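Taking it in order: structure first as structure tokens, then the write-up.
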Amino acid sequence: MPVRVEVALRPAVTDTQGNKTAHKIRHELGLAVDRVRIIRVYTIEGLSTAQMEEAMAACALHDPVLHEARMTPLAGNFDWIIEVGFRPGVTDNEGRTAGEVLRTVLGLSGRDVAVYTSTQYLIDARLDREQVERIARDLLANELIQRFQIADRNAWAARPGFPARTAAVTGAASAEVAVVDLHALDDDGLMRLSREGVLALNLEEMRRIRDYYAEPATRARRETLGLPGAPTDAELECLAQTWSEHCKHKIFSARIEYEDRAAGMSSVIDSLYKTCIQGSTRLLRERMGAEDFCLSVFRDNAGVIRFSDDMNVCIKVETHNSPSALDPYGGALTGIVGVNRDPMGTGLGANLLCNTNVFCFASPFHDAPLPPRLLHPRRVFEGVREGVEHGGNKSGIPTVNGAIVFHERFLGKPLVFCGTVGTMPRLAAGRPSHQKKALPGDRIVMAGGRIGKDGIHGATFSSEELHEGSPATAVQIGDPITQRKMYDFLMRARDLGLYNAITDNGAGGLSSSVGEMAQDCGGCDMDLARAPLKYDGLRPWEILVSEAQERMTLAVPPKHLDEFMALAAEMDVEATDLGEFTDSGYLHVRHGDRVVADLDMAFLHDGAPQLRLKAVWDGPSGGIGENAEHISDHQAFLHDMLGRLNICSREYVIRQYDHEVQGGSVIKPLVGARNDGPADAAVIRPDLGSPRALVIAAGICPKLSDLDTYWMMACAIDEAVRNAVATGADIRYMAGVDNFCWCDPVQSEKTPDGHHKLAQLVRANQALSHYCLAYGVPCISGKDSMKNDYTGGGAKISIPPTVLFSVLGVIDDCSKTMTSDFKAPGELIYVLGLTGNEMGGSEYAGALGLGGQVPQVDALSARLRYERMFMAVREGLVTAAHDISDGGLAVALAEMALAGRTGACVDAAKAPHLDCSVEQILYSESASRFVVTVREGDRAAFENLFAGDFLGCLGHTTDDEHLTIGAGEKELLRVHVEALAASWKKTLDF
């Protein structure tokens with residue numbers, strides 16, 4: 001029988017987690033509670049009561065100073081109790097760790113001990129059962145992956161706890177293989193199979209697969225192998241994940257007939273990816289010639305550039321939108337640990353340097369009814385924040401840069417961008433570290449975590465819209481501790497030269513990793529019966545495509561296999577030989593002696609038919625409308641602007657991420673006199689013995705998309721570059737990463753405006769090509785997520801088209817960088833760049849319900865300004881620099897003043913502008929502008945450096961701790977810097 005152990009804080013110890021839960025119930029649900037106390041519960045299978053008594057005496061599951069632990073119920077006085085635990089089959093990291101601890105304490109190496117965790121919430125409050133169920137469903141449990149029990153004090157004694165979780169997982173590993181007779185299906189049947197099987201394949205693709213199996217050569221080979229003429233379930237699932245939008249990027253590779261009616265032009269685009277993204281990078285690399293710093297672009301898990309003579313760096317940014325919509329914590333956790341594996345699997349493997357993240361949510365204060373299956377934005381916010389926090393902090397990787405963007409249409413699906421930067425020695429075991437290749441005869445070795453049902457259909461699920469019936473099996477929970485052990489092992493194996501190639505088990509599991517690596521040599525022979533499983537009962541196709549986390553696949557030469565396996569065992573990492581890479585031309589998969597899949601490599605990777613799509617651009621939607629309104633109280637309006645969701649401080653989130661671990665962080669996410677002002681970019685040293693550093697920044701402007709995605713893309717690139725330049729980066733040594741998140745752009749009954757949405761995508765790609773070429777910033781990596789829509793409850797919600805553009809810059813000396821805070825009184829304040837009447841999409845327009853012209857980017861003047869800014873920072877001519885973005889000039893000045901706790905007196909009318917009103921000067925979000933401070937003695941040199949540019953001296957910093965803004969002779973506002981800080985911090989001060 002299972003043994004149940006309960007652990008609670010001693011009465012004298014403050015229950016911080018319980019207090020936090022009570023605070024959430026009061027403030028998020030509006031329910032009055034007096035107190036919440038928490039008890040952790042461990043249900044143990046495989047140990048006797050006597051063994052558990054021995055383990056408890058050794059304090060295996062508790063700290064005796066803080067806790068009391070018993071094998072009898074600890075719950076005492078309470079009004080209601082809620083117990084929350086994982087559903088059977090869901091990854092339980094704490095339970096796994098507890099099992100390892102018990103085996104170690106009791107000396108039971110190799111013995112099967114299973115531990116399942118749950119949490120009891122003891123609530124003191126006068127509530128009815130319906131209110132308590134609301135607490136459980138809306139705050140404490142995600143019913144997709146968790147279950148809960150509720151009882152009052154009297155009822156609880158009769159039913160303490162959950163039944164054993166293993167009751168739901170029965171049977172041995174299954175070798176059952178189903179055959180799917182596509183030849184018996186008409187078009188309706190093919191599409192029904194695609195929908196019901198979560199294959200996410202269109203009719204033409206289903207027909208192409210059916211035709212492949214009808215080909216004489218295919219039939220003849222299959223007869224020799226004893227395979228049926230129709231595909232097996234494993235083959236169909238493997239093709240679906242390989243051909244998925246998530247993996248194949250079919251829309252970006254499509255042939256598009258593009259009609260620009262506004263300009264009276266039309267053209268045919270054969271792959272946006274090849275022409276706009278790859279094409280611009282290829283042209284830039286040709287221009288750079290011998291100074292090309294790119295080493296590996298668009299052909300590996302991450303893009304690689306040269307950092308120094310001895311070190312390369314790589315970067316990858318991914319999204320985990322759909323899983324985070326269903327399970328914010330698990331989806332975001334797997335997002336960050338998943339993107340960590342991209343650098344691990346780049347070249348011969350990279351050391352993990354730092355993480356970045358950008359989140360896009362609906363307002364956490366959303367108060368309207370929610371459509372079916374959608375979680376409240378506040379819950380999504382908290383779950384995503386915690387998931388990324390746990391993934392990074394527990395892995396020992398600093399989170400150095402990020403952003404949060406709010407828009408009402410992210411209610412349908414949040415966007416969760418997670419990025420990782422890695423470092424690679426120039427040579428690893430004598431080989432260039434950015435190169436890898438699996439060779440015929442190499443062993444297929446899987447290392448890390450085991451395979452489970454979690455993560456099945458990850459690729460295909462992410463390739464379609466979110467809906468009421470989205471599959472629970474697509475949700476996973478990452479295990480950063482297991483991944484950390486695997487990572488440490490892989491770095492040692494890399495330095496010893498024990499493998500030829502490595503990649504992560506991506507959205508299609510082994511079918512993805514082995515299928516991709518087998519392209520190097522031309523085939524493979526893999527035995528799924530050897531694969532280690534989390535539990536029995538998985539069918540071969542599930543083993544093949546499950547994306548269950550913390551796994552890497554490696555090509556290990558036979559001569560190194562024993563040493564590789566011995567090192568894995570020494571470092572407590574499970575490694576399994578699954579077969580060998582071949583030159584057969586086929587992905588050959590067995591389960592023991594039974595062949596379950598045999599696919600021609602050329603058909604698997606190149607057989608998908610190219611999409612043929614149409615895009616029509618009629619010009620920007622709607623008129624410009626009103627774009628300015630007289631502000632009667634400038635001081636009150638500035639306070640309101642500082643508190644807007646897209647401007648206010650993110651300190652609440654930032655403080656929960658470790659940005660100091662590893663010791664390389666130079667410029668932190670928060671800067672200034674009290675370390676609470678906004679930083680424009682991060683600066684980090686990969687080599688602690690050298691001043692050479694990386695600058696990491698990002699730009700994202702979804703609020704401009706409904707106006708014109710061309711300028712949205714241009715402004716996102718400009719914002720990323722501008723943030724990096726304000727911090728001291730050199731635009732001449734900068735690489736970009738593009739991440740597109742789009743609503744469905746394919747015309748259909750469900751998407752009647754698909755031609756317009758595809759035209760929006762075309763225009764964004766055109767802008768990316770134009771501005772990367774103009775700025776000389778090559779894209780080295782990227783990703784797209786193309787089905788970010790929700791349908792349910794009679795509603796469809798599509799996200800605003802969104803692109804995150806990240807930049808990675810290299811600088812020689814990290815001491816010659818810059819922060820945004822005013823440093824001292826008596827310094828001159830300048831604006832660099834021209835302000836226009838460009839209020840469209842601005843925070844000012846959003847606050848007042850106005851329209852306006854979308855901001856445009858003058859690349860020629862901006863690039864020259866950015867080159868000069870680098871020189872100004874390097875030569876010490878500026879003491880503070882801040883880009884002007886959300887909220888415009890007024891907000892930029894306020895942020896610099898509150899960061900430095902230093903006053904300023906400025907005349908806004910002296911800013912270079914194009915016949916703008918006072919409101920437009922203060923709140924326009926025209927691109928490519930900075931506010932900088934300059935010492936009086938450096939004035940001449942500074943003005944000479946920027947001669948011919950748009951330059952205006954607004955005034956000076958002061959010692960009175962007040963920000964005073966005027967226009968000519970008129971004073972518009974005068975406010976204390978502490979009041980500015982209070983307004984900036986209060987909104988997200990949860």
Side-chain angles (χ1 to χ4, degrees), residues 630-652 654-655 668-680 818-831 843-844 847-848 879-911 918-919 921-923 930-936 952-990:
H630 178 67
I631 298 172
S632 59
D633 187 340
H634 280 274
Q635 188 158 312
F637 189 77
L638 179 58
H639 280 297
D640 290 344
M641 289 291 284
L642 289 172
R644 286 182 62 79
L645 278 171
N646 283 317
I647 293 175
C648 68
S649 173
R650 275 68 171 134
E651 185 172 4
Y652 164 75
I654 292 168
R655 292 298 184 200
K668 330 293 183 181
L670 294 170
V671 299
R674 300 185 187 176
N675 295 313
D676 61 357
D680 289 315
M818 190 54 51
T819 56
S820 64
D821 48 308
F822 287 150
K823 302 300 190 301
E827 296 185 339
L828 301 171
I829 300 172
Y830 286 86
V831 168
E843 290 299 308
Y844 169 92
L848 299 176
T879 58
H882 192 25
D883 87 309
I884 301 175
S885 56
D886 295 317
L889 174 62
V891 168
L893 289 167
E895 289 174 339
M896 298 177 80
L898 69 89
R901 295 305 196 274
T902 299
C905 182
V906 300
D907 179 357
K910 293 182 178 179
V918 169
E919 286 77 13
I921 294 171
L922 290 176
Y923 296 107
F930 302 98
V931 177
V932 300
T933 55
V934 178
R935 289 180 291 265
E936 181 66 48
C953 183
L954 305 188
H956 58 276
T957 55
T958 64
D959 59 3
D960 65 358
E961 296 187 351
H962 281 77
L963 174 63
T964 303
I965 299 178
E969 300 297 322
K970 183 179 180 181
E971 181 178 294
L972 302 177
L973 63 89
R974 176 177 168 81
V975 58
H976 198 280
V977 292
E978 288 296 347
L980 294 173
S983 293
W984 191 59
K985 291 183 176 187
K986 67 180 181 181
T987 306
L988 296 182
D989 186 12
F990 296 146

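Numbering starts at 1 and runs along the sequence shown. As the structure is a computational prediction, the values presented were derived from the model and not from experiment.
- No side-chain heavy atom of Ile631 sits less than 4.5 Å from a side-chain heavy atom of Val918.
- Side chains of Ser820 and His882: a donor-acceptor N/O pair is absent below 3.5 angstrom, by distance only.
- Checked options Glu827, Arg935, Lys823; the residue passing with Thr879 is Glu827 (criterion: side chain to side chain donor-acceptor pair (under 3.5 Å)).
- Residues Glu919 and Leu848 have side chains not in contact (no heavy-atom distance under 4.5 Å, counting atoms from C-beta outward).
- Contact annotation: the side chain of Leu972 approaches that of Leu922 to within less than 4.5 Å [non-hydrogen atoms, C-beta and beyond].
- Between Arg655 and Asp676 no salt bridge is recorded (no basic side-chain N to carboxylate O distance below 4.0 Å).
- The shortest heavy-atom contact between Ala881 and Asp680 is O-OD2, 3.5 Å.
- Inter-residue side-chain proximity for Val891 and Ile884 is flagged as unmet; no heavy-atom pair is nearer than 4.5 Å.
- Checked by atom type and distance alone, the side chain of Thr958 pairs as donor or acceptor with a backbone atom of Ala904 at under 3.5 Å.
- Across all non-hydrogen atoms, the minimal contact from Val931 to Ala892 is CG2-CB, 4.3 Å.
- In this structure, Thr933 contributes its side chain and Ala880 its backbone to a donor-acceptor pair below 3.5 Å.
- Nearest approach of Thr987 to Gly643, heavy atoms of both residues: OG1-O, 2.6 Å.
- With rounding to the nearest 0.5 angstrom, the CD atom of Glu978 is 7.0 Å from the CD atom of Glu961.
- You'll find the side chain of Lys668 stays beyond 4.5 Å of the side chain of Asn675, heavy atoms only.
- Counting non-hydrogen atoms of neighbouring residues, nucleotides and ligands closer than 6.0 angstrom, the NZ atom of Lys985 exceeds 12 such neighbours.
- Using the six-membered ring where Trp is involved, Phe637 and Tyr923 have ring planes that are perpendicular, over 60° apart on the 30 and 60° scheme.
- Put simply, the side chain of Ile647 reaches to within 4.5 Å of the side chain of Glu895, judged on heavy atoms.
- No side-chain heavy atom of Val977 sits under 4.5 Å from any side-chain heavy atom of Thr902.
- Looking at Ile829 and Leu893, their side chains come closer than 4.5 Å, going by heavy atoms from C-beta outward.
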